[in-house]
Amino acid sequence: MTKWFHSGRRRDCCALIYEAGELRAQSLKSRLETHYDERIDPQSFYATLTALVEAGYLTRRAQGLADVYGLTDAGETALLDHHEWLSDRVEAGNARSDDADRSDEDTHRPDDDADRSDDDHPDDAGSDEADLKG
């Protein structure tokens, strides 16, 4: 995996540009700030864009006084590869959760709760630790 994946901001910049096709730097910065719900330091933001351009993931062109950014083929490929990797992780997690839910349904009878009082196991009532043991 390439180094740009180690930065969430770099991934997010590429995702927003992929969605829009091209974006002016200020529009991209505003969209990120809205997503993160916080202000981004301009120097840090522009350093991120410069790193993406130098790595060959973004193109930069002047449009009047503004710089406009677009994904290169390498940037698009890296973003889509990361999307596939992330989707696979989420699907595997969902499958694991679905399997656990089905297992619980197969082994848990509603009458089991009616017969058990919290006094039967006072040490683990409400304990996360007890949930993790099973």
Side-chain angles (χ1 to χ4, degrees):
M1 186 179 303
T2 59
K3 283 189 176 188
W4 80 276
F5 285 125
H6 294 235
S7 165
R9 185 184 296 170
R10 290 179 186 186
R11 287 187 303 263
D12 295 345
C13 283
C14 289
L16 288 170
I17 292 169
Y18 180 78
E19 176 186 36
E22 286 187 327
L23 283 173
R24 289 179 175 214
Q26 189 56 49
S27 178
L28 177 58
K29 184 174 179 290
S30 294
R31 290 178 191 206
L32 282 174
E33 288 174 335
T34 298
H35 176 66
Y36 298 152
D37 196 26
E38 66 181 38
R39 183 182 173 279
I40 298 171
D41 174 64
Q43 187 174 359
S44 173
F45 172 73
Y46 285 101
T48 297
L49 292 179
T50 298
L52 286 166
V53 169
E54 289 175 356
Y57 295 114
L58 293 183
T59 60
R60 175 179 28 219
R61 66 178 176 79
Q63 186 178 53
L65 296 176
D67 286 334
V68 177
Y69 293 86
L71 279 179
T72 63
D73 289 341
E76 184 174 332
T77 297
L79 180 66
L80 294 176
D81 286 349
H82 183 71
H83 177 267
E84 182 178 349
W85 178 85
L86 185 59
S87 295
D88 289 347
R89 305 293 70 78
V90 172
E91 287 175 24
N94 286 339
R96 180 189 42 76
S97 295
D98 290 345
D99 289 345
D101 289 346
R102 278 193 294 278
S103 176
D104 287 346
E105 289 171 4
D106 293 342
T107 61
H108 182 74
R109 297 184 329 230
D111 293 339
D112 289 346
D113 289 336
D115 294 337
R116 181 183 175 266
S117 74
D118 285 338
D119 294 335
D120 293 339
H121 301 282
D123 292 339
D124 68 0
S127 167
D128 290 339
E129 186 176 317
D131 292 340
L132 295 174
K133 289 179 184 174

Query - salt bridge (Lys or Arg N to Asp or Glu O under 4.0 Å): pairs with one or both residues in residues 84-94, sequence neighbours excluded - result: none
Report summary line: Contacts of Glu33 meeting salt bridge (charged side-chain N to carboxylate O under 4.0 Å, His left out) (sequence neighbours excluded), chain-then-number -> Lys29
Report summary line: Residues Ala74 and Gly56: closest non-hydrogen pair is CB-O, 3.8 Å
Report task. Considering non-hydrogen atoms only, spot the tightest contact between Cys14 and Leu58 and give its length. Result -> SG-CD2, 4.4 Å
Query raised in the report: Rounded to the nearest 0.5 Å, how far does OH of Tyr18 lie from CG of Leu80?
Result: 4.5 Å
Report task. Name all residues meeting the side-chain contact (heavy atoms from CB on, under 4.5 Å) criterion together with Ala20; count only those two or more places apart in sequence or in a different chain, and write none if there are none. Result -> Leu23, Arg31
Report task. Find out if a path of hydrophobic residues (ILVMFWY) with successive side-chain heavy-atom gaps under 4.5 Å connects Val53 to Leu32. Result -> yes
Report task. Rounded to the nearest 0.5 Å, what's the gap from CG on Asn94 to CZ on Arg96? Could you check? Result -> 8.5 Å
Requested in this report: Return each pair, listed once, that meets side-chain hydrogen bond (donor to acceptor under 3.5 Å, both in side chains) where at least one residue sits in residues 34-49; pairs must be two or more places apart or across chains.
Outcome: Arg9-Ser44, Asp12-Tyr36
Query raised in the report: Considering all heavy atoms of both residues, which atom of Ala62 and which atom of Asp67 are nearest to each other, and what is their separation?
Result: CA-OD1, 4.1 Å
Query - Residues forming a side-chain contact (heavy atoms from CB on, under 4.5 Å) with Ser30, sequence neighbours excluded - result: Gln26
Query raised in the report: For Thr50, which residues count as a side-chain contact (heavy atoms from CB on, under 4.5 Å) partner, sequence neighbours excluded?
Result: Glu54, Arg60
Query raised in the report: Are Ile17 and Val68 co-members of a hydrophobic cluster defined by side-chain heavy atoms under 4.5 Å apart?
Result: no
Requested in this report: Could you list all the salt bridge (Lys or Arg N to Asp or Glu O under 4.0 Å) pairs where at least one residue sits in residues 13-22, not counting sequence neighbours?
Outcome: Glu22-Arg61
Query raised in the report: Taking side chain as C-beta onward, heavy atoms only, is Leu28 less than 4.5 Å from Phe45?
Result: yes
Query raised in the report: Rounded to the nearest 0.5 Å, what separation is found between the SG atom of Cys13 and the OH atom of Tyr69?
Result: 9.5 Å
